[in-house]
Participant: 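One structure, pasted below without further comment.
Per chain, numbering begins at 1; letters A, B, ... match sequence-line order. Owing to the predicted nature of the structure, the values given are computational and were not obtained by experimental measurement. All heavy atoms count here, side chains included; hydrogens, waters and symmetry mates do not.
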Amino acid sequence: MLEKLNEQQKKAVQITKGPLLIIAGAGSGKTKVLTTKIAYLLAEELALPQEILAITFTNKAAKEMQMRIRGMVGKKANEMQISTFHSFGVRIIRENYTRLSYSRNFTIFDASDSLTLVKKILKEKNLDPKMHNPKNIKNRISSCKNNLVTAETFKKYINSYHDEIFQSVFAKYEEKLKKSNAVDFDDLLLKPIELFQKYPAVLAEYQKLFRYILIDEYQDTNEAQYVLVKKLVNKEQNICVVGDESQSIYGFRGSNYRNILNFEKDFPKCQQVVLEKNYRSTQNILDVANQVIKYNARKKEKKLWTDKEAGAEVVVNVLLDEHQEAEYVAQTINDLKNQGADLNEIAILYRTNAQSRVFEETILRKGLPYRIVGNVHFYHRKEIKDLLAYLKLIYNVNDDVSLLRIINEPSRKIGPKSLADLEQRAQASNEVLFAALTTEKELTFKNLITELRQLSNEVSLTELVEETLQRSGMREELEKENSAKAEVRLENLEEFKSITKDFEEKYGIISLEDFLAEISLVTDVVEYEEDIPQITLMTIHAAKGLEFKYVFVVGMEEDLLPHANSQGDLEELEEERRLCYVALTRACEQLYITYTKNRQLFGRRTLSIPSRFIDEMNLMTCEEVTVNNTNSDDNIDEDIEFTVGEKVVSDKYGQGIIVEVSNDILTIAFAKDVKKFIKGHKSIKKVKEE
DNA sequence: TTTTCAAACCTTTTT
DNA sequence: GGTTTGAAAA
């Protein structure tokens with residue numbers, strides 16, 4: 001097990017007692033160390049699987065770690081708690097809902113539920129949303145919570161009329177959440193802390209259970225997570241944290257890289273291992289990354305080195321605008337492909353999601369396969385949110401936010417006026433909305449939910465979804481509409497059913513409870529990636545922890561990276577620099593950096609300034625490039641017009657319907673999945689309606 | 001009550 | 001350039 005590790009890595013694995021801080025530079029094999037360490041604990045019988053608590057940053061990372069450990073130790077791996085902080089929080093709350101005075105069927109509000117709730121409160125308080133931006137308020141509530149500031153304690157910080165308003169909304173928000181028998185995302189961390197403060201005996205139980213605590217990406221923990229960890233650590237202090245303050249990039253979410261710098265103060269007995277050997281990148285790439293990060297003030301001393309060769313020079317290219325930039329990247333990728341490169345080894349990294357569009361268009365035009373990570377918001381679609389609201393309400397009838405979303409969806413002739421009336425009645429009798437349903441129309445709805453609720457105890461999840469679609473009238477409404485849009489929505493709902501089916505196949509019978517808990521923490525659609533090579537497009541944030549042979553870091557300009565909003569604030573500027581560092585260190589063999597001379601921003605063309613980070617890289621060459629647009633492709637007939645709803649047939653995917661026509665891109669839904677094409681591409685032909 | 005269309009808003013990054 | 005919100009018509 002230890003054979004494949006270097007001396008430092010071995011040391012990190014073999015220190016099993018007491019606090020351990022592992023400073024792991026980019027590409028130094030920290031995931032390998034963590035997984036080996038866990039396997040080692042089990043193999044040496046230092047810990048039982050259930051005594052291990054391993055916290056990762058994303059659900060994806062958790063799954064991957066579990067899989068790797070399973071590979072080493074077998075199915076014992078399934079008994080370990082490997083999850084994100086948030087999923088761990090769900091477990092704790094579910095095991096202690098009574099002590100936290102929730103009912104068993106509490107639900108989790110996602111970000112948009114929270115926002116809806118804030119908006120609702122503003123309305124009730126007759127506050128103008130233009131004066132008091134709901135999104136800002138929501139974010140402020142969130143950052144308070146992540147810093148363990150409650151609505152009550154915030155009173156101390158009130159400094160202005162604005163603060164006063166905020167405090168009252170915050171307080172009301174908490175009250176309403178509670179009344180809805182719901183928790184928000186931040187509560188998943190807060191409630192366990194609350195529990196442990198109130199019930200030391202319960203905390204002691206968990207401390208006894210989790211004898212080994214391991215935390216990945218420790219530099220990205222926030223105050224709440226930090227406190228939670230400190231509480232959980234028992235006398236043995238078998239806590240191992242791994243991180244790299246140079247890669248802390250979630251400050252906007254309250255993460256505090258000082259947690260890692262302060263670890264030694266928190267645990268004076270701690271031992272420290274520094275992993276400095278980089279297994280990922282060539283010397284040239286490391287040099288460039290090190291040059292940049294040097295400009296940040298506070299950091300633990302470490303110097304990444306590699307025994308790899310210098311490798312190819314890092315390339316910086318200047319392009320006229322974002323279209324040329326995309327064209328250049330696409331052509332370069334095409335060349336790489338022709339030289340035999342695997343597309344799975346190629347990534348395009350950008351600062352903001354908005355930048356992805358031009359790349360998508362251009363790559364599509366070239367006919368190169370690609371995937372955009374974290375951009376397809378399946379669960380954000382209206383019909384899916386509606387269906388989820390039904391499920392949430394069925395599960396927890398106190399959930400006013402879900403009720404309001406669907407009481408008139410499909411139309412039951414309960415408009416704003418009737419709703420205002422309903423809310424007034426509920427308020428008068430201090431009941432939740434569901435309990436206050438009394439008029440004839442309202443009772444029809446109430447009966448529907450009650451029936452489905454009953455049903456939820458009797459049938460499988462997929463059947464429940466089916467019955468909900470049927471009995472709510474959602475399906476009928478969409479079928480009646482007989483439009484393309486409606487047809488797509490129907491398909492999405494079918495897709496949802498296949499998700500529940502997959503769940504059932506994987507876990508056997510799954511309760512509504514488990515399903516909702518699982519799904520509210522999933523931000524990405526389950527990726528059913530066929531095993532085809534494709535280019536990866538994603539934000540730099542999403543790329544953390546990943547590596548690619550060829551990396552294109554695009555839009556290396558002032559106001560983009562570093563982002564405009566972070567100019568002027570030194571702390572934020574340093575975070576942007578770390579972000580840049582993360583981007584550069586994703587590359588194994590070849591790193592391409594681009595910036596433009598002008599770019600469309602906010603719908604306006606503006607002159608761009610090369611990022612200060614480019615100067616900091618201290619490179620020899622920077623080449624200005626012009627690329628020919630190879631758009632006049634034989635494969636594309638620009639003159640054909642397409643409209644949403646038209647039936648088409650593709651050479652590859654068979655029959656489909658056009659879901660969306662935007663600019664040059666057609667989105668087409670096929671029987672199996674939804675694909676995008678460039679408008680007029682020869683492989684797509686119209687189908688004549690009979 | 002629902003639909004439609006124009007104006008306003010917007011974009012940092014996300015568990 | 002795209003999406004959400006608001007007011008006015010149907």
Participant: Rounded to whole angstrom units, what separation is found between the CD1 atom of A:Ile249 and the C1' atom of B:dT12?
Facilitator: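 In whole Å, B:dT12 C1' and A:Ile249 CD1 are 12 Å from each other.
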Participant: Students often mix this up, so state it plainly: with edges at 30° and 60°, are the rings of A:Phe88 and A:Phe210 parallel, tilted or perpendicular?
Facilitator: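 A:Phe88 and A:Phe210: perpendicular rings.
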Participant: Name the orientation class of the two ring planes belonging to A:Tyr102 and A:Phe106 (parallel below 30°, tilted from 30 to 60°, perpendicular beyond 60°).
Facilitator: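 If you compare the ring of A:Tyr102 with that of A:Phe106, the planes turn out tilted.
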Participant: Looking at B:dT15, B:dT11, B:dT1, which one has an atom nearest to any side-chain atom of A:Pro416?
Facilitator: B:dT1
Participant: In whole angstrom, give the distance that lies between atom CD of A:Gln355 and atom P of B:dC10.
Facilitator: 20 Å
Participant: Would you say A:Lys135 reaches B:dT11's phosphate, i.e. side-chain N/O to OP1/OP2 under 4.0 Å?
Facilitator: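 For B:dT11, OP1 or OP2 has a side-chain N or O of A:Lys135 closer than 4.0 Å.
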Participant: Taking only Lys NZ, Arg NE, NH1 and NH2, and the carboxylate oxygens of Asp or Glu, determine whether A:Asp514 and A:Arg94 approach each other closer than 4.0 Å.
Facilitator: yes
Participant: For the residue pair A:His86 and A:Phe185, does the interplanar ring angle fall in the parallel (under 30°), tilted (30 to 60°) or perpendicular (over 60°) class?
Facilitator: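 Ring orientation, 0 to 90° scale: tilted.
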Participant: Roughly, in whole Å, what's the span from CD in A:Glu558 to P in B:dT12?
Facilitator: 17 Å
Participant: Please name the nucleotide paired to C:dT4 by Watson-Crick or G-U wobble geometry with both distances under 3.5 Å, or report none.
Facilitator: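 Base-paired to B:dA7.
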Participant: Would you mind telling me which of B:dT11, B:dT1, B:dT14 lies closest to the side-chain atoms of A:Thr539?
Facilitator: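 Among B:dT11, B:dT1, B:dT14, the one nearest the side chain of A:Thr539 is B:dT14.
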Participant: Measure the distance between the ring centre of A:His86 and the centre of the six-membered base ring of B:dT15, then answer whether it is under 5.5 Å with planes under 30°.
Facilitator: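 A stacking contact does not exist, since A:His86 is not both close and nearly parallel to the base ring of B:dT15.
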Participant: Take atom P in B:dT13 and the same atom in C:dT4, then report the distance between them in whole Å.
Facilitator: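 It works out to 15 Å between them.
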Participant: Measure from the side-chain heavy atoms of A:Thr84 and tell me the nearest of B:dT11, B:dT14, B:dT15.
Facilitator: B:dT15
Participant: Pick base, sugar-phosphate or nothing for A:Phe85, based on heavy-atom distances below 4.0 Å to the nucleic acid.
Facilitator: nothing
Participant: Applying the side-chain contact (heavy atoms from CB on, under 4.5 Å) criterion to A:Leu537, which one of A:Val554, A:Ile372, A:Val373 satisfies it?
Facilitator: A:Ile372
Participant: State which of B:dT12, B:dT15, B:dT1 makes the closest approach to the side chain of A:Arg253.
Facilitator: B:dT15
Participant: Rounding to the closest angstrom, what is the interatomic distance between C:dG6 and B:dT11 at atom P?
Facilitator: 15 Å
Participant: A:Asn139 side chain N/O closer than 4.0 Å to the phosphate oxygens (OP1, OP2) of B:dT14?
Facilitator: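 Checking B:dT14 against A:Asn139, no side-chain N or O comes under 4.0 Å of OP1 or OP2.
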Participant: When you compare the ring of A:Phe252 with the six-membered ring of B:dT13's base, are the centres less than 5.5 Å apart and the planes under 30° from each other?
Facilitator: yes
Participant: Distance check needed: B:dT13 P versus A:Glu217 CD, whole Å only.
Facilitator: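 In whole Å, B:dT13 P and A:Glu217 CD are 19 Å from each other.
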Participant: My understanding is that a pair needs two contacts under 3.5 Å, Watson-Crick or G-U wobble. By that rule, which nucleotide pairs with B:dT13?
Facilitator: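 When the pairing criteria are applied, nothing turns out to pair with B:dT13, so the answer is none.
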Participant: If you restrict it to nitrogen or oxygen atoms, what contacts under 3.5 Å exist between nucleotides 4-9 of chain C and the protein, and what is each distance?
Facilitator:
| unit_1 | atom_1 | unit_2 | atom_2 | d |
| --- | --- | --- | --- | --- |
| C:dT5 | OP1 | A:Lys119 | NZ | 3.1 |

Participant: Does B:dT13 have OP1 or OP2 sitting under 4.0 Å from an N or O in the side chain of A:Asn353?
Facilitator: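 Yes.
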Participant: Evaluate the ring planes of A:Phe57 and A:Tyr250, with Trp represented by its six-membered ring, and classify them as parallel (under 30°), tilted (30 to 60°) or perpendicular (over 60°).
Facilitator: tilted
Participant: Of all heavy-atom pairs between A:Val292 and A:Arg577, which one has the smallest distance, and what is that distance?
Facilitator: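 Closest approach of A:Val292 to A:Arg577, heavy atoms only: O-CD, 3.2 Å.
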Participant: Rounded to whole angstrom units, what separation is found between the CG atom of A:Leu419 and the P atom of B:dT2?
Facilitator: 10 Å
Participant: Tell me whether the OP1 or OP2 atom of B:dT1 has a side-chain N or O from A:Ser418 closer than 4.0 Å.
Facilitator: yes
Participant: When you match A:Arg351 and A:Arg412 each to their closest nucleotide on DNA chain B, which lands nearer the 5' end?
Facilitator: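 This one resolves to A:Arg412.
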Participant: In terms of side-chain geometry, is the basic nitrogen of A:Arg412 or A:Glu440 positioned less than 4.0 Å from the acidic oxygen of its partner?
Facilitator: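 Here A:Arg412 does not pair with A:Glu440 in a salt bridge, since their nearest N and O are not under 4.0 Å apart.
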Participant: From B:dT2, B:dT12, C:dG2, pick the nucleotide closest to the side chain of A:Arg357?
Facilitator: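 Output: C:dG2.
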Participant: Calculate the interatomic distance between A:Glu575 atom CD and B:dT14 atom P; express it in whole Å.
Facilitator: 12 Å
Participant: A:Asn565 CG to B:dC10 P: how many Å, rounded?
Facilitator: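 Value for this atom pair: 12 Å.
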Participant: Please report the distance, rounded to the nearest Å, between OH in A:Tyr350 and C1' in B:dT14.
Facilitator: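 Taking atom C1' of B:dT14 as the reference, OH of A:Tyr350 is at 14 Å.
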Participant: Looking only at side chains, do A:Ser114 and A:Tyr173 share a donor and an acceptor under 3.5 Å apart?
Facilitator: yes
Participant: Return whichever of A:Glu576 or A:Lys417 has its heavy-atom-nearest nucleotide of DNA chain B closer to the 5' end.
Facilitator: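 Per heavy-atom nearest nucleotide, the more 5' residue is A:Lys417.
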